[in-house]
Amino acid sequence: MSAKIQAVRGMKDILPEQTPVWRYLEETVRGVLDAYGYWEIRLPIVESTELFKRSIGEVTDIVEKEMYTFQDGDESLTLRPEGTAGCVRAAIENGIIHNQVRKLWYQGPMFRHERPQKGRYRQFHQIGVEVFGLSGPDIDAELILLTARLWRQLGLLEHVQLQLNTLGSAEARSAYREKLVAYCRERFAELDEDSRRRLDSNPLRILDSKNPAMADLIQGAPQLLDHLDEPSREHFEQLTRLLEMGGVSYVINPRLVRGLDYYGRTVFEWVTDRLGAQGTVCAGGRYDGLVEHIGGRSTPAVGFAMGLERLVLLLTEGAVSRTELPLERYTPHAYFVAVGEAPERAALVLAERLRSSLPRLRLELNMGSGGFKAQIKRADKSGARFALVLGESELAEGQIGLKSLREEGDQRSFSEAELIDFLAGQIAS
RNA sequence: GUGGCUGUAGCUCAGCGGUUAGAGUUCCGGAUUGUGACUCCGGAGGUCGUCGGUUCGAAUCCGAUCAGCCACCCCA
């Protein structure tokens, strides 16, 4: 054997044993988005580096040290570290948000060069939703109601908590930031190393420090909620009222600050305590200034993204037991056992006819021969409910055997027509 | 970028200076000339992460390196 080549750090294979969970999750999300009238947009994975610098912010961790950037001729390109920037770029470039409302979603891999840990990988997958052209709290509420419905459908609602905050208008926030920075500079000696760094990069983050030595300083710090502009306060109050009417409970977390520069007003996160340190499963907020900032006409916008790895983890080991997931929809209904040369040939043809007659039938035909024992074993392992059996004697009698693999009962014998009827009934149920 | 823990069969792990490195599981075959999930038997499967050092002797001790996991930072 030659030297092994392994997957690059932080980039995980999603194995066949896992893909049914992924499909279940993705299909459920798509179903909910369809139900609310959102349209899919498919976006490139590579964008110009400048796009991310301008939208995410030059001094954020993402842009400073986490981007996969490479030179292509005289252009600097970057593997997208998040989806919003590309979506906004595409929306402007194609004129689809010019003076009109758009409700969009996208899906796919994102790349950040971070140290991997539980629920965090260098290539990870998100489904993102972005709405353009609506400035009221009603759309903020709809997005949150939509996610709440999704958690309910996935059986996750009782394992996640909605945290909510408002960052106010850009003006109010930057005024507040100055006050906070001034306060921190006054008590600079009390700041830990991380917070001194945050003072320049993201001062609002200081309030979210996990260091207990900082608790005192944080206690006495000025509060963003006390510095809100009136329209933002009104927006936030209406949003919370709508959520209450919609039956979604929330916790106001004044320390909730999204990491990306473009957020303002509403921000929210769905968090869980079941995934260790990476508890955020879905997060988003309003970014009314971004479209203009990237070169479009001033357009209000709001959106969120959910991390699929984290949701899959939550589904498989965090909250729902794996046996509760409806994964049988991804295993074959029936596994076709055919022993002997003539039966094998006949089975290949018969399997094709069955698939033609029953388009929704999932039928796996045994390949690679093998005795009855081996083939029945494979049938069992495939997860199929039934084994179809064709040996020399069935072939001679023009019958097909049907053996239930999931419950007791004798093997039955069907003609082809009877078998189609029977399977049709099984598929329907 | 920083810290802690861990690298032995495809997977989960035992062995922690002394024959030819083990178990469970998985896979294949048999017990049962044509029938799975339980049982029994057999077979296949290992450069003990890599490189170097100590030693008569290293999976075992030491160093370096690489990788994985978890946490910090940050984030979905």
Side-chain angles (χ1 to χ4, degrees), chain A residues 1-10 12 15 17 56 59-66 80-84 107-129 147 192-195 197-198 201-202 205 208-211 256-260 268-272 275-284 303-314 335 337-340 343 366 368 370-395 401-408 410-411:
Chain A
M1 272 208 297
S2 310
K4 264 190 234 164
I5 297 179
Q6 19 180 20
V8 330
R9 171 170 245 192
K12 307 284 261 190
L15 300 174
E17 289 69 25
I56 297 167
V59 293
T60 55
D61 277 22
I62 292 180
V63 169
E64 278 181 347
K65 49 190 192 198
E66 293 176 359
R80 63 181 182 194
E82 58 99 49
T84 301
Q107 176 194 36
M110 309 291 165
F111 302 84
R112 289 183 201 171
H113 194 275
E114 300 177 278
R115 195 77 169 255
Q117 71 187 73
K118 189 180 183 68
R120 186 172 71 188
Y121 310 103
R122 289 184 174 183
Q123 174 176 337
F124 61 103
H125 298 79
Q126 289 186 333
I127 293 178
V129 179
T147 51
D192 63 10
E193 196 186 332
D194 282 333
S195 295
R197 192 168 38 73
R198 290 185 186 117
S201 55
N202 197 348
R205 271 264 165 222
D208 205 15
S209 175
K210 288 174 187 168
N211 185 350
L256 179 61
V257 177
R258 317 277 17 271
L260 315 173
F268 67 93
E269 273 187 19
W270 288 96
V271 299
T272 178
L275 293 183
Q278 257 56 50
T280 303
V281 120
C282 172
F304 67 83
M306 59 187 105
L308 300 189
E309 278 80 1
R310 291 177 187 181
L311 287 167
V312 167
L313 273 173
L314 202 49
Y335 186 101
V337 167
V339 180
N366 183 76
F372 277 92
K373 188 189 181 72
Q375 292 198 33
I376 292 282
K377 249 178 150 167
R378 290 173 201 159
D380 181 43
K381 220 189 123 195
S382 77
R385 272 164 74 192
F386 303 104
L388 306 184
V389 178
L390 190 68
E392 297 290 357
S393 57
E394 285 86 355
L395 189 61
L402 182 132
K403 182 186 172 77
S404 176
L405 297 168
R406 303 295 155 223
E407 48 198 63
E408 296 303 320
D410 291 334
Q411 183 169 321

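Fair warning: this is a prediction, and the values are worked out from it, not measured in the lab. Convention: sequence-line order gives letters A, B, ...; per-chain numbering from 1.
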Ignoring hydrogens and angles, tell me if any N or O in the side chain of A:R378 forms a donor-acceptor pair with the backbone of A:K373 under 3.5 Å.
no
Side chain of A:E309, backbone of A:R120: donor and acceptor closer than 3.5 Å?
no
A:V8 or A:E114, whichever maps to the more 5' nucleotide of RNA chain B:
A:V8
Rounded to whole Å, please give me the gap between [atom1] in [X] and [atom2] in [N].
X	N	atom1	atom2	value
A:Q278	B:C74	CD	P	12 Å
A:E82	B:A76	CD	C1'	11 Å
A:F268	B:C75	CZ	P	16 Å

Base [N] to side chain [X], donor-acceptor N/O within 3.5 Å cut-off:
X	N	answer
A:R120	B:C74	yes
A:R198	B:C74	no
A:Q411	B:U35	yes

Of the nucleotides [options], which has the atom closest to the [X] side chain?
X	options	result
A:D61	B:U35, B:G29, B:C73	B:C73
A:R9	B:C27, B:C74, B:G68	B:G68
A:P116	B:A37, B:C69, B:C73	B:C69
A:K118	B:C75, B:C27, B:A71	B:A71
A:Q117	B:U35, B:C72, B:C27	B:C72

Taking any heavy-atom pair under 4.0 Å as a contact, classify A:R197: base, sugar-phosphate, or nothing.
sugar-phosphate
Regarding A:V389, tell me which of base, sugar-phosphate or nothing describes its non-hydrogen contacts under 4.0 Å with the strands shown.
base
Report yes if a side-chain nitrogen or oxygen of [X] is closer than 4.0 Å to either non-bridging phosphate oxygen (OP1 or OP2) of [N]; otherwise report no.
X	N	answer
A:K12	B:G68	no
A:Q6	B:A67	no
A:R115	B:C70	no

Need the pair for B:G22. Rule: Watson-Crick or G-U wobble, both distances under 3.5 Å, any strand; none if unpaired.
B:C13
If you round to the nearest 0.5 Å, how far is OG1 of A:T272 from CG of A:L311?
9.5 Å
Between CD of A:Q278 and CZ of A:R310, what distance do you get to the nearest 0.5 Å?
4.5 Å
Given the C1' atoms of B:U55 and B:U60, what is the spacing between them in whole Å?
13 Å
Taking B:A58 as the reference, what is the distance to B:A21 when you measure between their C1' atoms (whole Å, please)?
13 Å
Less than 4.5 Å apart, any side-chain heavy atom of A:R385 and any of A:E407?
no
